[in-house]
Amino acid sequence: QGPSRLKGIRAQFALEFVISGLAEVWHNMPALSSASCRVATECGYIVGEEIGQSWRGLIIATSLLIAIAGAFTSLTITSHMRYCRDRFWFFVFTFAAGFGLGVNTVWSMHFVGMQALELGGGKISGSTELLVIEFEVIITVISAIAAWLVASLGIYVMSNRAVGSRANVDREMFCRLGISSSLICIGVLIVHYAGMLSQTGTFGMVYDPLIILGSAAIAAVASSAGLLILMIFPDTFGLRFVSSVIISAAVNAMHYTGMFSATYNVTSTAMSITGAYSSSIDGGRVALVTLVFDVILYAVCQHYGDLQRRALQGSAEQQDLAREQQMQRKVAAAVLSIEQLGHPMITVPSRVFLDMDATDMSGAHECIRALGHLKYFDTKGDVDAAKLAGAFVLFFSYECLSWNQAGPNPDQLAAMKSAVWEVAERHDKKLSDMYIWIDCLSIPQRNRAVKAAAINSIYTLAGLPDALVVVCPDSVHSSTQAPADAETIKHRLWCRVEQFAYCCNKGTRFMYLHRGKGLETLPEDWMESVCCVYEAESTCCRVKHAKMHTCDREILVLPLLALYHDVVTRVTRRACLTQDIYAFDLIHRNRERIFPRSFMYQTTENEVGEPRELFGDMLDLIESMGQRRKSRRDPSVVSGGDAMKQDASITSFDTELMKDIV
């Protein structure tokens, strides 16, 4: 208990010292005004003559400093409001910021600034006595309360948004700024001219309308700039101080412009409101009270804000950790999908395929399966064993040309059958040894979970066939009547996925094009655009994801992660092949286009779209995972068993090697 008790005694001593010091200052503070003439006519003034005005620079400087302190306090409070999630404390901070802006900045500055004015010097009589200026207490208090409430309302309108968007500079913010600045402008004008109305003495006032309009314009600009600064400036001490100086200068400019709009004339009796109570309220003591409130508000809100910031930072760190773990799980799932098939490879024997027509194709996977015409390969080992026995798998990539019917149309089917014969001849294969992979027959369509498993394995499945044919005869889309050919197929999302996946696995050597007139070698520049999968068109995006919750672009993240990991792993091995280097170079040159961090998810209700994450930092995570293992195996040193273990663990992202490759 010793240290904590000693700390409490020190705090109590410091508080007593501060209070006694403030009391001493309060009692010994000299009055700001030295005026002594209460009745102008008794001091030699003539009724109706204009009274001269003079200004004391020290009090003007004091009003400027008071406004700076109040604005700095308000900026501190509003900078912490952006972290406030509790509604009770949000309203507490709103009223506290309103007090700091409305009372400590605007009202106190106006009240102290009005005492910078000295009335003395008759234009006709030549009297030099200074006239006493008193203030109506009720009007003065009402103007302070009005300033507080209007400023709080303006800050509430500006900041009543979701926690993460309170400092956003967007269209909604500017709409709120217009409403809030109008309220603050009206409040400032009420404070100023109510303060002038509260002046009492043996004088009257006449206002210049043009100068009043000028002060209103300055008030509008000052309120807009002040609110904008309050809500969007970063949470740093230096910028808050500079901003408070700007706000103070704007408020002072409005105040003294408004003061210049009044001309004072001598009256025979004191100008006052019937039944009101007037008093010589000293501006120095008002300034002292204002500064004390500024210190209290600043200290309390700074402490609370620090606590909130720490809590949010801790929460953000937890969210970052959870996000990193989620990314790691996705990467691990992608790696697993390379090592083993997540779904069997389902093919159709070529002779069965050649006997099918477009009607059979529209029956999809389930109908062909019921007839017993499908050949299943459950593992990579099954595929390898079949190939050793002479099997040859042909992959068809084509564009679906109907919204109502699955599978190829008659033109495409004819080109596919022609391609089967031509590929068999070119690779010297028997039809009995050939198997066809085509999406409408090889991927289940009715069971969504099974279909998703097949799609997640698309990269691995695309790497198993021996050849791929892009089927693109000149045809027409039956639903839109739009022409279809070799150019349109390059713009379809899933066609790009199939071709890019095969290319990264096997290269372009056995990739062919069939335009309906015979088998062609794939053009050299074909993959340059096809590799940018996410720049292609998809049906789900065309219909604005009606009755959907997920976009095909999100579904593709896992298989493309698998693709990236596999290419990087293969290219960093000493015995990488030419096709591996080609695939890596293709990815390296188009990395940001192939693996975008996010995309805009549009719906029929929200055509602007909402941002959704795609790859984010997952590629960086794959690279960092590889960088942890930069040592490479030396065959002359590592023993056989260790070499096998090390070979199995080499997935390193060797930066220097990749630079050499590029």
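The first residue of the sequence shown is numbered 1, and numbering continues consecutively from there. Side-chain atoms are counted along with the backbone in the values below, which use heavy atoms only and exclude waters and symmetry mates. Keep in mind that what you see is a predicted model, and the values were worked out from it rather than measured.
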Is the closest basic N to carboxylate O distance between R542 and E537 below 4.0 Å?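 Answer for the salt bridge query: no.
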
Would you say that [X] contacts [Y] through its side chain, given a criterion of any heavy-atom pair below 4.5 Å between the two side chains?
{"X": "F353", "Y": "L431", "value": "no"}
{"X": "H477", "Y": "L401", "value": "yes"}
{"X": "P408", "Y": "I438", "value": "yes"}
{"X": "F396", "Y": "S442", "value": "no"}
{"X": "C532", "Y": "R496", "value": "yes"}
{"X": "K380", "Y": "T460", "value": "yes"}
{"X": "L493", "Y": "V533", "value": "yes"}
{"X": "Q499", "Y": "L522", "value": "no"}

Taking salt bridge (charged side-chain N to carboxylate O under 4.0 Å, His left out) as the test, write out the residues that go with [X], two or more places apart.
{"X": "D566", "value": "R570"}
{"X": "D466", "value": "K387"}
{"X": "R176", "value": "E172"}

Any pair with a residue in [range] that passes salt bridge (charged side-chain N to carboxylate O under 4.0 Å, His left out), sequence neighbours left out, goes on the list, sorted by first then second residue, please.
{"range": "residues 515-530", "value": "R515-E520, E528-R589"}
{"range": "residues 341-356", "value": "none"}
{"range": "residues 395-406", "value": "none"}

Taking only residues two or more places apart in sequence or in another chain, which ones pass side-chain hydrogen bond (donor to acceptor under 3.5 Å, both in side chains) with [X]?
{"X": "S182", "result": "none"}
{"X": "T539", "result": "R492"}
{"X": "S402", "result": "S478"}
{"X": "Q412", "result": "none"}

On a heavy-atom basis, which atom in [X] and which in [Y] lie closest, and how many Å separate them?
{"X": "P559", "Y": "I455", "result": "CG-O, 3.9 Å"}
{"X": "L461", "Y": "P344", "result": "CD2-O, 4.2 Å"}
{"X": "G342", "Y": "A453", "result": "O-CB, 3.9 Å"}
{"X": "M434", "Y": "L394", "result": "CE-CD2, 4.3 Å"}
{"X": "D552", "Y": "C540", "result": "N-SG, 3.4 Å"}
{"X": "L441", "Y": "H365", "result": "O-ND1, 2.8 Å"}

Could you measure the distance from the [atom1] atom of [X] to the [atom2] atom of [Y]? Nearest 0.5 Å is fine.
{"X": "N505", "Y": "Y459", "atom1": "CG", "atom2": "OH", "answer": "3.5 Å"}
{"X": "C504", "Y": "F584", "atom1": "SG", "atom2": "CZ", "answer": "11.5 Å"}
{"X": "N590", "Y": "F595", "atom1": "CG", "atom2": "CZ", "answer": "10.0 Å"}
{"X": "L563", "Y": "I458", "atom1": "CG", "atom2": "CD1", "answer": "11.5 Å"}
{"X": "F91", "Y": "Y156", "atom1": "CZ", "atom2": "OH", "answer": "4.5 Å"}
{"X": "Y502", "Y": "M527", "atom1": "OH", "atom2": "CE", "answer": "11.5 Å"}

Main-chain N/O of [Y] paired with [X] side-chain donor or acceptor, under 3.5 Å:
{"X": "R612", "Y": "S598", "answer": "no"}
{"X": "D585", "Y": "Y582", "answer": "no"}
{"X": "T488", "Y": "D485", "answer": "yes"}
{"X": "S475", "Y": "A484", "answer": "no"}
{"X": "R593", "Y": "C531", "answer": "no"}
{"X": "S181", "Y": "G178", "answer": "yes"}
{"X": "T347", "Y": "W437", "answer": "no"}

Under 3.5 Å, which donor-acceptor pairs do the side chains of residues 416-430 form with other protein atoms, sequence neighbours left out?
| unit_1 | atom_1 | unit_2 | atom_2 | d |
| --- | --- | --- | --- | --- |
| K417 | NZ | L354 | O | 3.2 |
| K417 | NZ | M356 | O | 2.5 |
| S418 | OG | E422 | OE2 | 2.8 |
| S418 | OG | H514 | NE2 | 3.3 |
| E422 | OE1 | L519 | N | 2.7 |
| E422 | OE2 | H514 | NE2 | 3.0 |
| H427 | NE2 | Y512 | OH | 2.9 |

Side chain to side chain contact (heavy atoms under 4.5 Å, CB included) between L464 and F395, intermediate numbers included: CA-CA 9 Å; L464 296 176; F395 191 122; over 6 Å; no

So R597 and L614, side chain to side chain contact (heavy atoms under 4.5 Å, CB included) or not? Walk me through it. CA-CA 5 Å; R597 294 179 179 270; L614 289 174; over 6 Å; no

Quick one: do R553 and Y601 satisfy side chain to side chain contact (heavy atoms under 4.5 Å, CB included)? Show the steps, please. CA-CA 10 Å; R553 299 172 192 277; Y601 181 85; over 6 Å; no

Please collect all ring-ring contact (aromatic ring centres under 6.0 Å, His included) contacts where either partner lies in residues 518-540, sequence neighbours excluded, each pair once.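 Pairs touching residues 518-540 that pass the test: Y534-F615.
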
As a quick check of understanding, evaluate side chain to side chain contact (heavy atoms under 4.5 Å, CB included) for L374 and V348, giving each step before the final call. CA-CA 5 Å; L374 299 178; V348 182; 3.7 Å; yes

